[in-house]
Amino acid sequence: METDAPGRGTAALEPPDGGFTWAWARSLLDGLPGGRGLNIAHEAVDRHVLSGAGERTALRFLRSDGTREDWTYHDLRAATNRFANVLGALGIGRGDGVVTLLDRRPEVYVACLGTLKAAAVSTPLFPAFGRDPIRQRLELGHTRALVTTPSLYRKRVAAIRSELPELEQVLLVGLGSTTAPDGTVDLDALLASASPDFTIPPTEPEDRALLHFTSGTTGTPKGAIHVHEAVVAHHITGRWALDLRRDDVFWCTADPGWVTGTSYGIIAPLTVGATVVVDERDFDAERWYATLEEQQVSVWYTSPTAARMLMRAGDELAHEHDLSCVRLAASVGEPLNPEVVEWSTDHLGVTLHDNWWQTETGGIMIANGPGTEIRPGSMGRPVPGIEAAILRCGDEGVLLLDPGGEVQPAAPGEAGHLVLRPGWPSMFRGYLDAPERYAACFQAGWYLSGDLASVDAEGRYWYVGRSDDVIKTAGHLIGPFEVESALMEHPSVSEVGVIGRPDEVAGSIIKAFVALRPDVEATEDLELELLGFARSRLGPAVAPRELVFVDSLPHTRSGKILRRLLRARELGLPEGDLSTLEPQ
């Protein structure tokens, strides 16, 4: 059995002489006792207890009232065993869909891991979803059980319950002395009477484990299917890319309702045996700084939007806190602007490490790992075991093939389609009930990410944009991220979103939507100044021709700028799936 000694980090991850293989990465995990397969929850919880580390702190909950509650691995094992037993008593088992619709509270972690122990399929949903997005996901996921609170049930689910004939069980947490509404059960009462002992049934690596929904530009959300074998990638990338160690205090700010909050907020750090910080409250710059300092967070995983919000809160606030405890800080979810990387180095005392992955990849694919030289704006290099490439593509991101039907690699620095060679453990195994959508993601032996990027002569990858975001103007292919990052270098600018607006002469012209810092007034003079500022940095072919000031930009609830929504509103096009849109 492979365990970490205190302080052991990536230096202990040297693969054997034959080099890195996924079989070697798999050997770092235990597998179910008796050779009964591979189960994510066993690797995240039970194996630590069985190895004698059950008294280590697994979860540290920072309550909204300011109190703190620590759970040991032993506590987490008992609670997840109880939940698995509850599911079994209700007839929920192998392959059945179990959805959590909860705020950041202990029951999210208990339900997710307990569901995996029962060999059922866990689907965490973001609690701010409205009724229609919830109904859609419960229906698409063939959900048999839902775990939620009385308040969320009353506001979001009760009115649509009759439209969900497959939803058999609604388990409510936090009822207290209140009687459970008709058609629901008191989960707290069931857990209290359930046994803390549970034997995980045989679980094959290819058994379904997680279902994550990802929204597209049009149509219904897509349910990406992940299997128990994904834990191999979660564990090794957590250690390679995030430098996670057993004695770390780790804080992933993503909500468990998003794939980052599951893969790296629950699974990866727990498989390492680290302590995971969970903050029930929403973003507040001063409290976030205090949390990092007071909880002595050593590894911090956040989003570019959160980093920009900290930057917007001012340099003085950053300097009021000692963040020397933070050994590694990383960011994911959207491109990380170079100026944010430089700001973090200058004012936080720690350099943000960018990395890239998707709901479909299930885990980190490209990263600036610990100890690497950071080039602000670069996503880094592929992690061990991942083969990536940049291939030439035509309009709408379609791969270009030579006369022999072979793909055409892009030259160093040339923008093209970012592709991955299939076969890594956390690769999604399909879109639920949508095989044609899944098949469309693969071409010529590669997984098509839908992202455009470039790779330099040193093997570093640089993000350009989504294939449907990239702008073709006067024969040039322009990534919006490049333009946005240039404008963000101006001290008056807080955030930028860039789109292409159709033009009879140029094909498209670049239009920028700019949110200013709170103390800056939007004026015509500033508009001209910013246009000139961008032109001086980017040149006339790339700089925006139009610029408008906005109070805020549309984001997904996970922090990504919704450029397609900016484009749809500008051009009067259908807005597509807005279920992940952050309220404005």
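Please read these numbers as outputs of a predicted model, since none were measured by experiment.
The distance from the CH2 atom of Trp251 to the OG atom of Ser298 is 13.0 Å, given to the nearest 0.5 Å. From Glu166, atom CD reaches atom OG1 of Thr143 across 8.0 Å, with rounding to the nearest 0.5 Å. Here the CG atom belonging to Asp96 is positioned 11.0 Å from the CG atom belonging to Leu90, to the nearest 0.5 angstrom. Here the CZ atom belonging to Arg239 is positioned 11.0 Å from the CZ atom belonging to Arg246, to the nearest 0.5 angstrom. Between the CG atom in Leu244 and the OG1 atom in Thr237 there is a gap of 9.0 Å [rounded to 0.5 Å]. Rounding to the nearest 0.5 Å gives a distance of 9.5 Å between CD of Glu204 and CG of Leu32.
Using modelled atom types, one side-chain atom of Tyr438 and one backbone atom of Phe428 make a donor-acceptor pair closer than 3.5 Å. Side-chain atoms of Ser378 come within 3.5 Å of backbone atoms of Gly380 as a donor-acceptor pair (strictly under, hydrogens ignored). In this structure a side-chain-to-backbone donor-acceptor pair under 3.5 Å is present from Trp424 to Thr361. A distance-only check finds a donor-acceptor pair linking the side chain of Arg327 to the backbone of Asp243 [under 3.5 Å]. When atom types are taken as modelled, the side chain of His212 and the backbone of Gly362 share no donor-acceptor pair closer than 3.5 angstrom. In terms of modelled atom types and a separation under 3.5 Å, the side chain of Gln358 and the main chain of Ser449 share a donor-acceptor contact. Under a 3.5 Å cut-off, the side chain of Arg381 and the backbone N or O of Glu458 do form a donor-acceptor pair. Of the possible donor and acceptor atoms, one in the side chain of Asn368 sits under 3.5 Å from a partner among the backbone N and O of Met379. A donor-acceptor contact shorter than 3.5 Å links the side chain of Arg137 to the backbone of Pro133. A distance-only check finds a donor-acceptor pair linking the side chain of Ser344 to the backbone of Leu352 [under 3.5 Å].
Taking all atoms of both residues into account, the shortest heavy-atom contact from Leu400 to Cys393 is CG-C, 3.6 Å. The two atoms that bring Ala224 and Thr359 nearest to each other are CB-CG2, 4.1 Å, heavy atoms only. Residues Leu242 and Leu328 share a closest heavy-atom pair of O-CD2, 3.8 Å. When all heavy atoms of Gly37 and Arg26 are compared, the closest pair comes out as O-NH2, 4.2 Å. Annotation for Val227 and Glu206: closest pair CG1-O, 3.3 Å, computed over non-hydrogen atoms. Between Leu292 and Cys325, the shortest heavy-atom contact is O-SG, 3.3 Å.
Counted by atom type alone, Glu360 and Tyr431 present one or more donor-acceptor pairs between their side chains at under 3.5 Å. Of the N and O atoms on the side chains of Thr351 and Thr345, at least one donor lies less than 3.5 Å from an acceptor on the other residue. Side-chain contact annotation: Asn355 with Tyr301, donor-acceptor N/O pair under 3.5 Å present. A side-chain N or O of Asn337 and one of Ser485 form a donor-acceptor pair less than 3.5 Å apart. If you check the side chains of Thr302 and Thr253, you find a donor sitting under 3.5 Å from an acceptor.
Stacking of Arg60 on the aromatic ring of Trp71 is not recorded, the 6.0 Å distance cut-off and the 45° axial limit not both being met.
Annotation: Arg208, atom CZ; neighbour count of heavy atoms from other residues, nucleotides and ligands within 6.0 Å does not exceed 12. Enclosure of atom NE2 in His142 by more than 12 non-hydrogen atoms of other residues, nucleotides or ligands within 6.0 angstrom is indicated.
Using a 4.5 Å cut-off on side-chain heavy atoms (C-beta onward), Thr115 and Phe83 make contact. Taking the side chain as every heavy atom from C-beta outward, Leu336 and Pro304 approach each other to under 4.5 Å. At least one side-chain heavy atom of Val272 sits under 4.5 Å from a side-chain heavy atom of His235. Looking at Ile390 and His417, their side chains never come closer than 4.5 Å, going by heavy atoms from C-beta outward. Residues Val231 and Leu38 form a side-chain contact, since some pair of their non-hydrogen atoms from C-beta on lies under 4.5 Å apart.
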Please assess Thr214 against Lys222 for the test side-chain hydrogen bond (donor to acceptor under 3.5 Å, both in side chains), listing each intermediate value before the final yes or no.
CA-CA 5 Å; Thr214 178; Lys222 299 169 288 187; 5.4 Å; no
Show your reasoning for whether side chain to side chain contact (heavy atoms under 4.5 Å, CB included) applies to Leu401 and Gln408.
CA-CA 6 Å; Leu401 304 180; Gln408 301 181 30; 5.6 Å; no
Give the intermediate values and the outcome of salt bridge (Lys or Arg N to Asp or Glu O under 4.0 Å) for residues Arg56 and Asp247.
CA-CA 9 Å; Arg56 295 182 60 84; Asp247 56 343; 6.0 Å; no
Working for side chain to side chain contact (heavy atoms under 4.5 Å, CB included), residues Met365 and Glu387
CA-CA 9 Å; Met365 300 286 102; Glu387 181 184 354; over 6 Å; no
Apply side chain to side chain contact (heavy atoms under 4.5 Å, CB included) to Leu28 and Val232, showing your working.
CA-CA 8 Å; Leu28 301 179; Val232 177; over 6 Å; no
Asp433 vs Leu140, side chain to side chain contact (heavy atoms under 4.5 Å, CB included): CA-CA, chis, key distance, verdict:
CA-CA 8 Å; Asp433 297 333; Leu140 291 170; over 6 Å; no
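Applying the ring pair (Phe, Tyr, Trp, His ring centres under 6.0 Å) rule to Trp357 yields the partners Tyr264; only residues at least two apart in sequence or on another chain are considered. Partners of Glu43 by salt bridge (charged side-chain N to carboxylate O under 4.0 Å, His left out), not counting sequence neighbours, listed by chain and number: Arg47. Every salt bridge (charged side-chain N to carboxylate O under 4.0 Å, His left out) that Glu139 has, sequence neighbours left out, goes to Arg135.
Taking the six-membered ring where the residue is Trp, the centroids of Phe213 and Phe129 are separated by 6.0 Å or more. In summary, the aromatic rings of Phe20 and Trp22 are positioned with their centroids under 6.0 Å apart. Between Tyr461 and Trp356, the distance separating the two ring centers is not shorter than 6.0 angstrom.
Among the candidates Val407, Leu399, Val419, the single residue satisfying the side chain to side chain contact (heavy atoms under 4.5 Å, CB included) test with Gln443 is Leu399. In summary, of the residues considered (Asn39, Thr203, Asn81), a side-chain hydrogen bond (donor to acceptor under 3.5 Å, both in side chains) with Lys117 occurs for Asn81 alone.
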